Amino acid sequence: MAAQLKLSDDPKFFEMFGVGGDMPVLEMVNGRYPASGRLARQRIAGEILLKNLDVAPARLSRLVDIQFTSPDPTFSARVANAWAENFIQTNLERKVQATSYGRNLLERQLGQLKDKLDESQRQLVAYASAQKIINLPAQSGDGRTTVERSIVVDDLAALNTALSQATADRIQAEARYQQAGRAGASTEALRNQAINSLRQKRAESAAEYQRLMTQFEPGYPAARAIQSQIDQLDRSIAREEGRVSGSLRADYLEAVERERALQGRVDQLKSNYLDQRRRSIQYNIYQQEVDTNRALYDGVLQRFKEIGVAGGVGINNIAIVDLAKAPEEPSSPRLILNLAIALLAGIGLGALIAYALEQIDEAIADPAEVERRLGLPLLGSVPKLEEGTPKEALLDRKSELVDAYLAIQTNLSFTTEHGVPRSFAVTSTRPAEGKSTTALALATTLARAHRKVILVDGDMRSPSVHHLGGVSHDLGLSNFLSGQDNIDALTFKMTDFGFTAMSAGPIPPNAAELLTGQRLSLLVTRLLETYDHVVIDSPPVMGLADAPLIASHVEGVIYAVESHGIRSSMVKTALGRLASANARIIGGVLTKFEAKRAHYGYGYEYGYNYGRVGDAEAKAARG
């Protein structure tokens, strides 16, 4: 296309599409492009044409739209029309080339098949000469094709027919001969004219003799003469009958000999035929090969003739319906439409990204997701401390942390018929999610409600309660689980919080082995005899067997979930482990909650700051 339109030597074409002279092949010399770079310029021009060309089939039709985009409308129409015309020309040339290729291929195949046919025919003739196989052509039943028949078969058929006839003749001669031997006068003798004539004469002579005997004696001369004549006739009749009988015997012997000779010849031909059949196996193989090669050769020859006839006629099934015309207005850019599409696409893409991020985020963001995602009843949410320690916040009764845990304790009082469960454990999915703070805070709020409470540090792998009491963990839970029964010696007072605590004790080699026995159940039972509530700070669930073992010995489990800190899928896995241990999960507590980071608005600041604002105003009034 680029060569036909002579675009490789047209500077206006390259300027039209912004292809400058920074390429060496597009540098002009004396106002013209050098001939040395024509091939490279032609390649560049072809790439430009392909980049700006659009060929699209029309739906539900056999039409194709050819569109070319360029700054010059006249040039665009010219390229589109030239493209269609060149496609038609290329289609015709491709068909001619395909026909020529087919003819050449068939011609080569014909030569190969001709050589194979000649070779198979020579092989067949050579084998027939060597084996002395002589077949004569014969016409088949359809009158068109010819087949070969062996002369041995023809001879055998002819001699077999002659043998059948000779056998019939021999049977007939034998019957005549045997009949002549059994009867006095055979049928042949009765049909013999000479014998019948002699018998007629004898009968006449006998009649004459009988007539004379009525008058004369046998010695009468005339009577003796007639008797002598009769005797002579009898001898003649006997001689003739003997001759006839000898003729029948000779005919019979001749028929027997002829039958025997024909039978021997037929047996010989049968042997020859069977031998030829055996030798004709390979002959038939060669004959089949000749027939196959001839059929292939005839088929390819017929196809070659058909292509030769059809190859001279060019068939074109492509036509130009409408010529391209120069457009009256540009097709692009459409500023208003582009701005509208960009605006809608930006809004849609932003919404899609926001939705995808929300779906990907598995973290628990606000309290409502505890029940929606985890299926846990929400006991309450605990705000994240901006400053200070949890111990300092719990000692300040007006802190936001205390208010949050008071709300959790209130909700906890509705979980059983007798109010707050007497024994419960506090656990989480992983460390540092606020479970120890929750256990400490609930023990503190229950103690402030004038309940006798003991906090047991059940995390024997990473103990923490003894730090709050300022004591060591030399005595504690692991000692009791190991067999020590003096509970009073294992506890210590948490004076600041108003309850008793039991540390984790010395860290055992394997805490799970201590928890598998009945000692923990015995400890809870004995503690409930003295205390109103037993709160156990349980280890995390994931990766350890301690939490499910502890959960199976208490009345219920409170599950701490860190806000924006852990994936919901991990929490579900941990809850599944607790459920498999038949633990009763009372509810969940959302820890370290930040209202400003929640998906929906929660007004914690109003409730928490209301009392603080009042105190500040009172202090200002007193000041």
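It should be emphasised that the depicted structure is a prediction, and the values quoted were computed from it without experimental measurement. All heavy atoms count here, side chains included; hydrogens, waters and symmetry mates do not.
- Looking at residues two or more places apart in sequence or on another chain, you find a side-chain contact (heavy atoms from CB on, under 4.5 Å) between Leu544 and Arg461, Pro539, Pro540.
- Summarising the geometry, atom CD belonging to Gln121 is positioned 11.0 Å from atom CD belonging to Glu289; distances are rounded to the nearest 0.5 Å.
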Practice problem: Apply side chain to side chain contact (heavy atoms under 4.5 Å, CB included) to the pair Val541 and Thr429, showing each step before the final yes or no. | Solution: CA-CA 5 Å; Val541 178; Thr429 306; 5.8 Å; no

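- Salt bridge annotation for Asp298-Arg294: absent, with no cationic side-chain nitrogen under 4.0 angstrom from a carboxylate oxygen.
- A salt bridge does not link Glu119 to Lys116: none of the charged nitrogens lies less than 4.0 Å from a carboxylate oxygen.
- Remark: Thr161 OG1 to Leu262 CG distance equals 11.0 Å, nearest 0.5 Å.
- Counting heavy atoms of neighbouring residues, nucleotides and ligands inside a 6.0 Å radius, atom CZ of Phe87 does not exceed 12 of them.
- Here the CD1 atom belonging to Ile44 is positioned 12.0 Å from the CG atom belonging to Leu49, to the nearest 0.5 angstrom.
- Minimum heavy-atom separation, Ser70 to Phe75: OG-CD2, 3.8 Å.
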Exercise. Would you please test Leu53 and Ile66 for side chain to side chain contact (heavy atoms under 4.5 Å, CB included) and show each step?
Key: CA-CA 7 Å; Leu53 181 72; Ile66 301 177; 3.8 Å; yes

Exercise. Carefully, step by step, assess Glu85 and Asn81 under the rule side chain to side chain donor-acceptor pair (under 3.5 Å).
Key: CA-CA 6 Å; Glu85 293 172 357; Asn81 291 326; over 6 Å; no

Quiz prompt | side chain to side chain contact (heavy atoms under 4.5 Å, CB included) between Leu117 and Val290, intermediate numbers included | solution = CA-CA 6 Å; Leu117 179 59; Val290 170; 4.2 Å; yes

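- Around CG of Leu50, the count of heavy atoms belonging to other residues, nucleotides or ligands within 6.0 Å exceeds 12.
- In this view, Asn52 satisfies the side chain to side chain donor-acceptor pair (under 3.5 Å) rule with no residue, not counting sequence neighbours.
- The CZ atom of Arg235 lies 12.0 Å from the CD1 atom of Ile230; values are rounded to the nearest 0.5 Å.
- Qualifying side chain to side chain donor-acceptor pair (under 3.5 Å) partners for Arg584, counting only residues two or more places apart in sequence or in other chains: none.
- Counting heavy atoms from C-beta outward, Val55 and Asp65 have side chains that stay 4.5 Å or more apart.
- In terms of heavy atoms, Gly543 sits closest to Arg577 at N-NH1, 3.6 Å.
- Here CG of Leu349 is found 12.5 Å from CG of Leu344. Values are rounded to the nearest 0.5 Å.
- The nearest pair of heavy atoms linking Ala551 to Leu578 is CB-CD2, 4.2 Å.
- Across Ser552 and Ala581, no two heavy atoms sit closer than the pair CB-O, 3.9 Å.
- Residue Glu47 qualifies as enclosed at atom CD: its count of foreign heavy atoms under 6.0 Å is above 12.
- Side chain to side chain, Arg260 and Gln263 fail the donor-acceptor criterion of an N or O pair below 3.5 Å.
- The two residues Val571 and Leu374 make their nearest non-hydrogen contact at CG1-CD1, 3.6 Å.
- Going from atom CD1 of Ile48 over to atom NZ of Lys51 covers 8.5 Å, rounded to the nearest 0.5 Å.
- A 4.5 Å side-chain heavy-atom check between Leu549 and Thr516 finds at least one atom pair inside the cut-off.
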